[in-house]
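Notes for the one structure printed next.
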Amino acid sequence: MTPKNNVVAWNVMISGYVSTGCYVESLGIYDDLREAGIKPDAITFTSALAACSQLAALERGKELHNCIVESKLDSNEIVMGALLDMYAKCGAINEAQGVFNHLSTIDLVSWTSMIVAYGSHGQAFEALKLFDKMLKSNMKPDRITFLAVISACSHAGLVDEGHHYFNLMVNNYGIQPAIAEYSCLIDLLGRAGRLYEAYDILQRTHYIREDVDLLGTLFSACHLHGELKLGEEIAKLLIEKDPDDPSTYIVLEKMYASTKKWDEARKVRLQMKDLGLRKNPGCSWIEVDRSIRYFLAEDKTFSQAELVYDCLSLLHFQMEKDEVAVNAAL
DNA sequence: ATAGGGTTAG
């Protein structure tokens, strides 16, 4: 059954699983490939690394790094780009920077990954500095680069800067903002409490006025800032559009509760119950000894506190160990 | 034949 020497067939399986979001399964196929004695190539590693990125499976990612060096594939631009992104998504900024520094040529994807690495881990100024350096090296940013830059600003509360980059994107780079770009802008303004400005943008741009994701982004910002009036208005729109989505009711209830409107909060809860809506269970996972362990938010089999404690001590131990290994590798 | 970058909410 198994394609003995055909690495392409294996790669198709691995990348197929990755592109359908089955990351654990894709790593399973990678393990099967190794067990079958097949030699992985650049494409195998690229796909397996993408799976690790999504799972934040740093341990597995580092193993792949070692194999890549052994296979002398560490000059392949795409493999290195995937490796950089893996480290970035795992929050290993120093390792990401190490890979970035050793690239012989830095293409647009690698620039963007490195900007994301900083921007999504609270280092907005580093992200902006890197973006500036990228422009100076005459690399032309695309919409994904701008999304990374604007969201970096959003998380750091740099509203004016974020707005500036949005305008730069539209006016100097001719990128027409679509839903994703507006979503970033609305998040930027909303997080900073400039809710009516955000709402204006939504209203003025007729073709996005009805978009559930954008309304949802603004709704979360209303909740964050306890803005009841606008929040209620948006909740009404959201419930009209998607009456079966429990998240709207949950956020609305929390918004009432945090502004001490207990009667209203109770009404929302009852309404939810009447409709038979249930909260989707929260789910997370952690990598323990090479395997990915899932757990649910309402899992009663062990105490949450115990679990959190275990995770923290494991992560702490892992970080110390990894620091030494990666420094040696570089 | 198969390959890397994307914001957002409780």
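Any value given below was found using the heavy atoms of this structure, including those in side chains, with hydrogens, waters and symmetry copies removed. Computed from a predicted model, the values in this text were never measured in an experiment. Proteins come first, then strands; the chains are lettered A, B, ... in the order of their sequence lines, and each starts at number 1.
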Specify the separation, in whole Å, of atom [atom1] of [X] and atom [atom2] of [N].
X      : N      : atom1 : atom2 : answer
A/R269 : B/dG10 : CZ    : C1'   : 13 Å
A/L195 : B/dA9  : CG    : P     : 15 Å
A/I78  : B/dA3  : CD1   : P     : 10 Å
A/D41  : B/dT2  : CG    : C1'   : 8 Å
A/I234 : B/dA9  : CD1   : C1'   : 13 Å
A/D245 : B/dA9  : CG    : P     : 15 Å
A/E77  : B/dA3  : CD    : C1'   : 12 Å
A/M80  : B/dA3  : CE    : P     : 18 Å

Contact class for [X] vs. all strands (heavy atom < 4.0 Å): base, sugar-phosphate, or nothing?
X      : answer
A/S120 : nothing
A/T46  : base
A/N76  : base
A/A180 : base
A/I150 : nothing
A/S183 : base
A/S113 : sugar-phosphate

(message) Whether A/K89 contacts B/dG4 is assessed here as follows: a side-chain N or O lying under 4.0 Å from the phosphate OP1 or OP2. Is that the case?
(response)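 Indeed not, no polar side-chain atom of A/K89 lies that close.
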(message) Please determine whether a side-chain nitrogen or oxygen atom of A/R191 lies at a distance below 4.0 Å from atom OP1 or OP2 of B/dT7.
(response)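 Answer no for this pair, as no side-chain N or O of A/R191 is under 4.0 Å from OP1 or OP2.
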(message) Hydrogens and angles aside, do A/E70 and A/N66 bring a side-chain donor and acceptor to less than 3.5 Å of each other?
(response)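 Checked: A/E70/A/N66 side chains show no N/O donor-acceptor pair below 3.5 Å.
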(message) Checking side-chain polar atoms at under 3.5 Å, does A/Y196 have a donor or acceptor matched by the opposite partner on A/Q203?
(response)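 Their side chains do not contain a donor-acceptor pair, so the 3.5 Å distance test is not met.
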Between [options], which nucleotide gets closest to the side-chain atoms of [X]?
X      : options              : answer
A/N11  : B/dT2, B/dA3, B/dG5  : B/dT2
A/S47  : B/dA9, B/dA3, B/dG10 : B/dA3
A/I250 : B/dA3, B/dG10, B/dG6 : B/dG10
A/R143 : B/dG5, B/dG10, B/dG6 : B/dG6
A/A82  : B/dG10, B/dA3, B/dG4 : B/dG4
A/A50  : B/dG10, B/dG4, B/dT2 : B/dG4
A/S220 : B/dA9, B/dG5, B/dA3  : B/dA9
A/S151 : B/dT7, B/dG6, B/dA3  : B/dT7
A/T145 : B/dG5, B/dG10, B/dG6 : B/dG5
A/V116 : B/dG4, B/dG6, B/dG10 : B/dG6

(message) So that I know where these two stand, are A/F131 and A/F146 an aromatic pair - ring centroids less than 6.0 Å apart?
(response)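 Distance test on ring centres: under 6.0 Å, yes.
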(request) Could you tell me if the ring centre of A/W111 sits under 6.0 Å from that of A/F100? (result)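 Yes.
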(message) Would you say NZ of A/K254 has more than 12 non-hydrogen atoms from neighbouring residues, nucleotides or ligands within 6.0 angstrom?
(response)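 Check fails, neighbour count at 12 or below.
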(message) For a quick check, tell me whether the side chain of A/D107 and the base of B/dG4 share a donor-acceptor pair closer than 3.5 Å.
(response)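 Yes, a donor-acceptor pair under 3.5 Å.
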(message) One thing to verify: whether A/K236 and A/E233 come together as a salt bridge, which I'm taking to mean a side-chain N less than 4.0 angstrom from a carboxylate O.
(response)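 Answer for the salt bridge query: no.
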(request) Output all residues satisfying salt bridge (charged side-chain N to carboxylate O under 4.0 Å, His left out) with A/K267, sequence neighbours left out; order by chain, then residue number. (result)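 Per chain and number, A/K267 pairs via salt bridge (charged side-chain N to carboxylate O under 4.0 Å, His left out) with no residue.
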